[in-house]
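First up is the structure itself, then whatever we jot down about it.
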Amino acid sequence: MSNGQRRVVIENVSPELDGGRFPIKAVPGDVIAVEADIFADGHDYLSARLLYKQAGDPAWIEANMALLGNDRWGASFVVERQGQCLYTIEGWVDHLASWQHEIHLKVADGQHIASELQAGAQYVDGMLHRAGGSPSGKPKKGADETPDVTALREMAALFRDPARYDEAVSVAESDQFTFYAHRYPERQHPTRYGRELVVDIDRPRAGFSTWYCLFPRSAAREEGTHGTFRNVEALLPRIAGMGFDVLYLPPIHPIGLAHRKGKNNSVICQAGEPGVPYGIGSAEGGHDAIHPELGTVEDFKHLIAIAANYGMEVAMDLAIQCSPDHPWAKEHPEWFKKRPDGSIQYAENPPKKYQDIYPVYFETDDWQNLWNELKRVLLVWASWGVRIVRVDNPHTKPFAFWEWVIAEVKKEFPDMLFLAEAFTKPKVMQQLAKGGFAQSYTYFTWRNTKAELEEYMTELTRSEMRHYFRPNFWPTTHDINPPSLQTGHEPQYLIRYFLAATLSSNYGIYGPSFELMEHTPFPGKEEFLNSEKYEIRYWNWEKTNKLTYLISLVNRIRKENAALQTTNNLTFCSVNDDAIMAYLKVSGANKLVVVVNTDAYQRRAAMVQVPIWQLGISPDQSYTVHDLLTGAYYTWKGEYNYVELDPYVLPMHLLRIEL
């Protein structure tokens with residue numbers, strides 16, 4: 001039986017994921033805005049407080065909740081450090097506020113309230129006690145009385161003195177009484193929300209990162225040479241100089257020989273062809289080994305250390321699959337699904353066939369040992385210095401596994417971050433994010449028009465997804481050559497890059513391929529012809545162009561402007577053109593208006609409506625906007641301002657409002 005003295009109901013708490021089953025996500029400095037429906041029977045006034053603390057701290061910190069309207073209450077708190085934070089809500093019938101409200105009504109009606117003042121004196125006695133004073137009317141022996149205790153003692157005496165009735169009525173209705181009622185509230189029979197909800201607070205790079213993908217075997221400066229980790233080290237000044245802080249490497253493990261694929265995914269591998277890095281495992285080792293042509297484990301550790309000197313981290317690629325030559329195939333055949341003839345079924349994603357890969361069978365009876373082995377691999381990587389893992393196709397492995405292994409690894413390495421490379425059904429992608437992935441690939445790659453982008457960004461930043469799904473935008477990947485970029489049209493590359501880098505605080509590019517605007521598709525597919533997955537490519541690492549210049553410039557601007565370092569601070573501006581997008585991003589005093597012509601072939605002009613009411617700008621006020629891309633300054637006035645963008649010159653503005 002519930003406590004019948006507790007009259008307050010608390011429900012529809014936000015943010016709360018699946019009844020508290022999953023934590024929400026944050027990074028240090030994030031503001032967590034909490035709301036709830038809080039109500040009770042009758043006409044009494046209510047009060048509520050938000051309680052929060054870092055996990056493990058003994059005491060709660062409290063913040064008073066404000067009534068937002070229609071029984072909806074809200075308050076917020078700031079998360080300060082990595083780890084976990086807990087929060088919950090408490091509500092109670094506020095007898096002090098209810099009493100004061102009744103006083104207002106009765107006095108306005110001309111009623112005599114001597115009896116009510118006596119009741120008020122008892123309430124003040126309670127406040128006096130909570131302030132540390134003695135309700136008896138006498139100071140505690142030897143105690144120094146605080147100003148609050150003195151004031152409350154005098155107020156209690158006033159309410160009890162019939163000769164000072166008019167003065168007592170005035171004080172009962174005053175802000176002074178309200179002030180003390182809030183400072184020393186009476187919380188009789190409070191209702192505590194039934195759950196302590198959790199915030200997972202990742203390190204800052206979970207919320208703001210800039211990824212660059214390259215295949216180490218293609219890092220050599222000499223054509224026809226297999227690249228090494230030392231070659232990658234030589235590229236670090238260039239990559240860091242462009243403003244990237246995460247260097248992502250596809251699998252760097254030994255590659256199997258059995259059914260090795262050739263150029264363009266040919267089932268016939270010619271002599272000397274290197275195979276697919278995702279065909280992991282050979283006699284030289286598996287997921288905990290390094291491809292010998294790239295270097296040694298010590299060479300890889302050295303790369304990680306040198307990258308750190310440039311402010312960069314190295315992210316590894318976890319692909320849970322094996323070459324037929326992988327040690328697991330011989331040592332743990334029970335981890336693979338057998339066909340009726342006893343052979344192991346190679347991987348398929350119809351119509352695609354991966355003859356060089358065995359998928360791991362997670363429904364094996366030996367699943368616990370399989371899970372522990374994968375955990376061991378991740379801990380080995382962590383011992384090398386890896387703190388970011390990009391996971392290949394996590395949606396084809398059990399949700400329960402990811403929840404478990406991510407939590408287990410973070411017990412030992414709490415700064416580990418996982419990126420989910422899952423281009424699949426929305427609910428599956430969302431479940432992976434809830435289950436522990438710090439960042440997630442998205443549908444951005446296929447959202448091209450203004451309408452598509454605004455709809456998708458609204459879903460990401462205004463729905464419940466904003467509490468747990470951190471998008472990482474990629475215009476292309478080494479797996480995906482989207483139709484929008486298959487013409488090689490330079491303005492389209494500029495537009496797609498710029499949208500990724502300014503809509504999302506996390507984004508990445510498929511390195512030299514994207515920089516050089518490689519675009520030739522494999523006929524009939526969203527893939528690259530002569531894909532780097534199947535062959536060693538030679539790249540001209542010295543070449544620069546308009547796109548590489550824009551990338552370097554925008555990355556510098558991102559680091560200098562806090563408004564671009566978060567995703568959910570997005571407000572779309574109204575524009576009278578179906579191709580020109582404009583959006584406002586604000587962080588404190590840093591206020592940006594971003595304008596993009598999504599039509600890569602035509603000059604467009606339009607009026608942008610700036611939401612000046614959010615910026616403290618009056619309708620008749622002039623203000624300066626500084627284009628951080630070109631250095632130009634413009635004087636704007638009020639809400640509506642003119643823009644004109646030619647995709648063959650520069651199809652975007654990145655305007656900082658400078659009042």
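All residue numbers in this chain count up from 1 along the given sequence.
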Validate the cation-pi geometry between R447 and Y456: distance from NZ or CZ to the six-membered ring centre under 6.0 Å, angle to the ring axis within 45°. yes
For Y468 and D200, does a side-chain donor sit closer than 3.5 Å to a side-chain acceptor? no
Rounded to the nearest 0.5 Å, the CE atom of M65 sits from the CD atom of E35 at a distance of 8.0 Å
Taking the six-membered ring for Trp, are Y180 and Y184 parallel (under 30°), tilted (30 to 60°) or perpendicular (over 60°)? parallel
Any side-chain donor near an acceptor of the partner, E186 and H95, under 3.5 Å: no
State whether a side-chain donor-acceptor pair under 3.5 Å links R656 with N561. yes
Give me the ring orientation class for W99 and Y123: parallel if the planes are under 30° apart, tilted from 30 to 60°, perpendicular past 60°. perpendicular
Roughly how far, to the nearest 0.5 Å, is the CZ atom of R376 from the CG atom of L379? 9.0 Å
Keeping S504 on the side-chain end and Y507 on the backbone end, is there a donor-acceptor pair under 3.5 Å? no
For residues 608-617, pull every pair meeting salt bridge (charged side-chain N to carboxylate O under 4.0 Å, His left out), keeping only residues two or more places apart or in separate chains. none
Just by modelled atom types, is the A422 backbone N or O under 3.5 Å from a matching donor or acceptor in the N393 side chain? no
Hey, could you give me the NZ/CD distance between K591 and Q614, rounded to the nearest 0.5 Å? 10.0 Å
For N472, run the side chain to side chain donor-acceptor pair (under 3.5 Å) check against Q439, E421, R390 and tell me which one passes. Q439
Main-chain N/O of D94 paired with S47 side-chain donor or acceptor, under 3.5 Å: no
Verify, without hydrogens or angle tests, whether S440 (side chain) and P471 (backbone) share a donor-acceptor contact under 3.5 angstrom. no
Does any donor atom in the side chain of Q100 or T178 lie under 3.5 Å from an acceptor atom in the other side chain? yes
Measure across E11 and R72 and return the closest heavy-atom pair with its distance rounded to 0.1 Å. O-NH1, 4.2 Å
Could you report the tightest heavy-atom contact between F177 and V171, atom names first, then the distance? CB-O, 3.6 Å
F473: which of T502, T567, L499, L460 passes side chain to side chain contact (heavy atoms under 4.5 Å, CB included): L460
Could you pull out the closest heavy-atom pair between A562 and N590, with the gap in Å? N-OD1, 3.1 Å
For Y640 and Q609, test the side chains for any donor-to-acceptor distance below 3.5 angstrom and give the result as yes or no. yes
Using only heavy-atom distances, determine whether the side chains of T461 and N568 contain a donor-acceptor pair under 3.5 Å. no
If every non-hydrogen atom of V246 is compared with every non-hydrogen atom of A315, which pair is closest and at what distance? CG1-CB, 3.9 Å
Rounded to the nearest 0.5 Å, what separates atom CG in L318 from atom CG in L419? 11.5 Å
Quick one: does R462's side chain have a donor or acceptor within less than 3.5 Å of a partner on T458's backbone? no
Sorted by first residue and then second, give each ring pair (Phe, Tyr, Trp, His ring centres under 6.0 Å) pair with at least one member in residues 3-51; sequence neighbours left out. Y45-H101
